[in-house]
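Worth saying up front: this structure is predicted, and the values here are computed from it rather than measured. Here is how names work: the chains are called A, B, and so on, in the same order as the sequence lines, proteins then strands, and each is numbered from 1. Just so it is clear, the values below take in all heavy atoms, side chains as well, and ignore hydrogens, waters and symmetry mates.
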Amino acid sequence: MALNPACVGRHYVGALQVVGAERARRFAEAIGSDGRAPGAVPTLAATYLLAPVVDLLFGDDEVGLDLARLVHAEQTFEFLRPPRLGESLLPEGTIARVETRRHLEVLQVDLCARDRSGSAITRATTVFVIRPGAPPPPEPGG
Amino acid sequence: MTIEGARPGAAAVSLAPGSLLPQVGHPVTQQTIAAYARASGDHNPIHLDEDAARAAGLPGTIAHGMLSLGLLTSTVEGWVAGRGRIARIHCRFAGMVRPGDILLCRGRVGAAPPDRGRIVLELEAVTGAGVRALTHASATVELAGDAAGANQPDPGSGRDGD
């Protein structure tokens, strides 16, 4: 299976995400935050932005992702403002790049979480790499 | 869960340009990974199931890359300790972190003076065994008003490791 370059520009809109206090607390605890900062820790964006979009991406058969060979290679988050506890956010993402570098296939997704007014509050760039598969078996006699 | 290095926030860490930030170590256990899976909703079996991880060609279960980035981000928040907020964070996931590892988070304040109240921290996270887990990592911190004014270069700080 190879990535489908025609999927560049494909857009995904996830389900509305509520940044609940319990969700924020559990996540902060899981990453060793001491709870000093009020509200949600920055990388809670993994749950309200990255996960819902990636779930849609991974379920899109037309992209040609081989999940068994997929590696999360690079991540950027830009926090325009912290989410407020109890706030609802709309996660969305667009396939921005599909390319082949040597033996690796690269897929980049640009993501954005918007508040109810439509303002972006968190942006992200995620790069996945598809590792090369096992070489095909030699031809008989070859 | 932090076990070594200066405890972030225990004393004010210098955020002056060029300052070295105190290393912080985070133990990563299978319990840590399971807690992150529950909190994040990422239940990929390569993180949770030894057999599934081996079947995928791994030596055993591995931590989520986003767990490592979360630990690094928490460390940055500890260093900043209320003097600003993280406006941007970036990394490459370069190496595997396995249960039993300690993730050592290190950093340095970029040499450039604050630009519009922002400083850039150059970061990395390596395991106790020397695996470079997160590379090309950086965080942009937007300093709060007082910290931005006070954050001038400190002639006596940092660069000891050069």
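Classification of Glu78(A) and Arg88(B) as a salt-bridged pair fails, no side-chain N sitting under 4.0 Å from a carboxylate O.
The distance from the OG atom of Ser40(B) to the CD1 atom of Ile31(A) is 10.5 Å, given to the nearest 0.5 Å. Residue Phe93(B) holds its CZ atom at 9.0 Å from CD of Glu74(A), rounded to the nearest 0.5 Å. Atom CG of Asn44(B) is separated from atom CG of Leu67(A) by 9.0 Å, given to the nearest 0.5 angstrom.
Ser33(A) and Glu77(B) get closest at one heavy-atom pair: OG-OE1, 4.5 Å. Heavy atoms only, all atoms of each residue included: Ala30(A) and Ala39(B) are closest at CB-CB, 3.8 Å.
For Leu80(A), the part lying near chain B is the backbone, with the side chain staying farther off; criterion is any non-hydrogen pair under 4.5 Å. In this structure, chain B has no heavy atom under 4.5 Å from any part of Ala68(A). Contacts of Thr73(B) with chain A are made by side-chain atoms alone, with heavy-atom separations under 4.5 Å and no backbone atom involved.
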ask   = Can Ile86(B) and Phe77(A) be said to form a side chain to side chain contact (heavy atoms under 4.5 Å, CB included), step by step?
value = CA-CA 10 Å; Ile86(B) 298 172; Phe77(A) 286 115; over 6 Å; no
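Tracing side-chain contacts under 4.5 Å through hydrophobic residues (I, L, V, M, F, W, Y), one never reaches Tyr36(B) starting from Val71(A); they form parts of separate clusters. One hydrophobic cluster holds both Ile46(B) and Met96(B) under the rule that ILVMFWY side chains link at heavy-atom gaps under 4.5 Å. Residues Leu44(A) and Ile121(A) share a hydrophobic cluster, clusters being chains of Ile/Leu/Val/Met/Phe/Trp/Tyr side chains in contact below 4.5 Å. Under the 4.5 Å side-chain heavy-atom criterion for ILVMFWY residues, no single connected hydrophobic cluster contains both Val106(A) and Val8(A). Residues Leu89(A) and Leu56(A) share a single hydrophobic cluster, defined by chaining ILVMFWY side chains whose heavy atoms lie under 4.5 Å apart.
For residues 80-95 of chain A, the side-chain hydrogen bond (donor to acceptor under 3.5 Å, both in side chains) pairs, not counting sequence neighbours, are His11(A)-Thr94(A), Arg81(A)-Glu87(A), Arg81(A)-Asp115(A), Glu92(A)-Arg114(A).
Of all the listed residues (Arg26(A), Arg25(A), Arg123(A)), the one sharing the greatest number of non-hydrogen pairs under 4.5 Å with chain B is Arg26(A). In terms of heavy-atom pairs under 4.5 angstrom with chain B, the leader among Ala51(A), Pro42(A), Ala73(A) is Ala73(A).
Within 6.0 Å of CZ on Arg97(A) lie more than 12 heavy atoms contributed by other residues, nucleotides or ligands.
Using a distance-only test at 3.5 Å, with no hydrogens or angles considered, a donor-acceptor pair links the side chain of Arg85(B) to the main chain of Phe79(A).
Residues Met66(B) and His72(A) have side chains in contact (heavy-atom distance under 4.5 Å, counting atoms from C-beta outward).
Residues meeting the salt bridge (Lys or Arg N to Asp or Glu O under 4.0 Å) test with Arg23(A), sequence neighbours left out: none.
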